[in-house]
Structures are given as C-alpha cells and as structure tokens.
Amino acid sequence: MAYDVLTVKQSDMVTMLIEGENITDIAKKLSVTRNTIYAWMGKDNVKAELDRRKRELSNQGNQLILKDLTTYIGNIKELAQDNSDKRVCLAANQYLINRIYGNPTNVLENNTEDKEDNIDDNELKEELNRFKKLRKIK
C-alpha cells in the first residue's frame, strides 16, 4: 500500500513535531506552506506515524526509569521520612500513597433524590445565622 508510506518531508515533519518545533519553522525548513503542514498532519498515515514515534519515545523513557526504579523509590521513601521540611515530607508521602491507591478525585456522587430543592429563603437565612452564632462562640 504505497499511500501509507510517508514521504521524506513528512517523516522530517514528524521528527520536528516531536522535537517541539512550531509549524511555521517546520514549513520554512521543508520549503512548504503552513497549510501543507496542516494537511499532512490530518492524514491518517502521518497521525499513525506520529503516535507510533511518541509511544516509542515513551517506552524508551520508561525503560530508562525502570532500570533505576529501586533507587528512585528509596529516595522518595527517604524524603517521606525527612522531618526537616514538612512540605517535602508530605509531598513524598502523598506521592507514595497515590502510586498505590491512585490519585483522589474531587468528584462526589450525589445519590440522594432532590426532594428538598425548593428550600425557603428564610430557612437558609436562619441556618446561616445559626452558623454565624457558632462562629462567635468560638
């Protein structure tokens, strides 16, 4: 399938995109228009190649990290036990916990039925006043 093969310029464009170059600079270096770059980026075979190369880079990076993983974990554990800087200690402990249990989310599910959506404004004012009084007592 010849249409699946990238041209040399398309392949160079993919490389430059991965390296973080902007569209204008890529177009200049390849002697094409910006519209051509955008058109190439919309092609399935170019998208697939870009994704493939990104995955490959990610896998290579992960392999490098995995080689020294025990060292990194040891360093984080050491930071988690260092009481000289509480923020660093807290951050390291949170990181370790989140790695095991996942990152907490702020999404709360409300499974109650909305029977009291029509609360009277006076009730809200009374409740607010009660909270204000509690605050003054402290």
Side-chain angles (χ1 to χ4, degrees):
M1 298 175 138
Y3 64 88
D4 284 338
V5 177
L6 267 59
T7 66
V8 173
K9 285 187 176 185
Q10 288 171 336
S11 180
D12 290 345
M13 176 199 67
V14 169
T15 301
M16 288 185 253
L17 285 170
I18 289 173
E19 291 172 348
E21 300 234 12
N22 67 46
I23 302 299
T24 302
D25 290 341
I26 294 171
K28 286 179 185 175
K29 289 177 182 178
L30 297 177
S31 301
V32 297
T33 66
R34 289 169 35 107
N35 287 340
T36 300
I37 298 296
Y38 285 114
W40 287 347
M41 288 171 56
K43 291 186 169 195
D44 288 340
N45 62 332
V46 173
K47 288 180 190 177
E49 180 64 14
L50 185 60
D51 287 343
R52 186 191 67 75
R53 290 193 200 176
K54 284 180 180 179
R55 278 193 314 276
E56 185 178 306
L57 283 172
S58 178
N59 288 338
Q60 289 172 358
N62 287 341
Q63 291 302 315
L64 289 172
I65 291 169
L66 283 173
K67 286 194 320 190
D68 293 324
L69 187 60
T70 53
T71 302
Y72 302 143
I73 292 172
N75 291 343
I76 293 170
K77 283 182 175 180
E78 192 175 311
L79 288 171
Q81 295 168 352
D82 181 6
N83 291 324
S84 62
D85 188 342
K86 296 288 186 190
R87 291 175 296 177
V88 171
C89 180
L90 173 64
N93 278 292
Q94 284 175 329
Y95 174 79
L96 290 170
I97 290 168
N98 290 345
R99 287 296 299 161
I100 299 300
Y101 295 111
N103 288 331
T105 62
N106 291 333
V107 177
L108 295 175
E109 289 186 32
N110 184 359
N111 293 330
T112 61
E113 291 184 29
D114 295 332
K115 292 179 181 176
E116 296 189 26
D117 275 354
N118 299 325
I119 295 176
D120 185 79
D121 283 346
N122 290 330
E123 285 182 54
L124 292 174
K125 285 179 187 176
E126 288 174 18
E127 192 171 337
L128 182 60
N129 286 332
R130 276 184 272 157
F131 280 110
K132 286 180 182 177
K133 286 178 186 174
L134 287 174
R135 198 179 205 187
K136 289 179 185 176
I137 293 172
K138 291 181 181 178

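No hydrogens, no waters, no symmetry mates; every other heavy atom, side chains included, goes into these values. This structure is a prediction, so every number in the text was calculated from the model and none was measured.
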Note to self: Would you compute the distance between atom NZ of Lys54 and atom CD1 of Ile18 and round it to the nearest 0.5 angstrom?
What the structure shows: 7.0 Å
Notebook entry, point to check: How far does CD1 of Ile23 sit from CE of Met16, to the nearest 0.5 angstrom?
Noted result: 10.5 Å
Item checked: Between OG1 on residue Thr71 and CD1 on residue Ile76, distance to nearest 0.5 Å -> 11.0 Å
Margin query: Could you measure the distance from the CG atom of Leu57 to the CG atom of Asn62? Nearest 0.5 Å is fine.
Written below: 11.0 Å
Notebook entry, point to check: If you look only at pairs with a residue in residues 55-79, which of them pass as a salt bridge (Lys or Arg N to Asp or Glu O under 4.0 Å), with sequence neighbours excluded?
Noted result: Arg52-Glu56
Note to self: With side-chain contact (heavy atoms from CB on, under 4.5 Å) as the criterion, how do Leu17 and Met13 come out once you've worked through the C-alpha distance, each side chain's angles and the decisive distance to 0.1 Å?
What the structure shows: CA-CA 6 Å; Leu17 285 170; Met13 176 199 67; 4.1 Å; yes
Check: With sequence neighbours excluded, what pairs up with Leu79 under the side chain to side chain contact (heavy atoms under 4.5 Å, CB included) test?
Finding: Val88, Ala92
Note to self: Quick test of your reading: applying salt bridge (Lys or Arg N to Asp or Glu O under 4.0 Å), list the pairs with at least one residue in residues 79-96, sequence neighbours left out, ordered by first then second residue.
What the structure shows: Asp85-Arg87
Notebook entry, point to check: Minimum heavy-atom separation for Val46 to Val14, with atom names?
Noted result: CG1-CG2, 4.0 Å
Checklist line | Pairwise salt bridge (Lys or Arg N to Asp or Glu O under 4.0 Å) hits with a residue in residues 15-26, at least two apart | finding: Glu21-Lys29
Check: For Ala80 and Cys89, which heavy atoms make the closest approach, and how far apart are they?
Finding: O-SG, 2.8 Å
Next item on the list: Assess whether atom OH of Tyr95 is packed by more than 12 heavy atoms of other residues, nucleotides or ligands within 6.0 Å.
Entry: no
Next item on the list: Kindly write out the residues that satisfy side chain to side chain contact (heavy atoms under 4.5 Å, CB included) with Thr70, not counting sequence neighbours, or none if the list is empty.
Entry: none
Notebook entry, point to check: To the nearest 0.5 Å, what is the distance between CD (Gln10) and CD1 (Ile37)?
Noted result: 9.0 Å
Check: Taking the hydrophobic residues Ile, Leu, Val, Met, Phe, Trp and Tyr, and joining any pair whose side-chain heavy atoms are under 4.5 Å apart, which ones share a cluster with Leu66?
Finding: Leu69, Ile73
Notebook entry, point to check: So how far is it from Leu30 CG to Thr36 OG1, rounded to the nearest 0.5 Å?
Noted result: 10.0 Å
Next item on the list: Measure across Arg53 and Ser11 and return the closest heavy-atom pair with its distance rounded to 0.1 Å.
Entry: NH2-OG, 2.7 Å
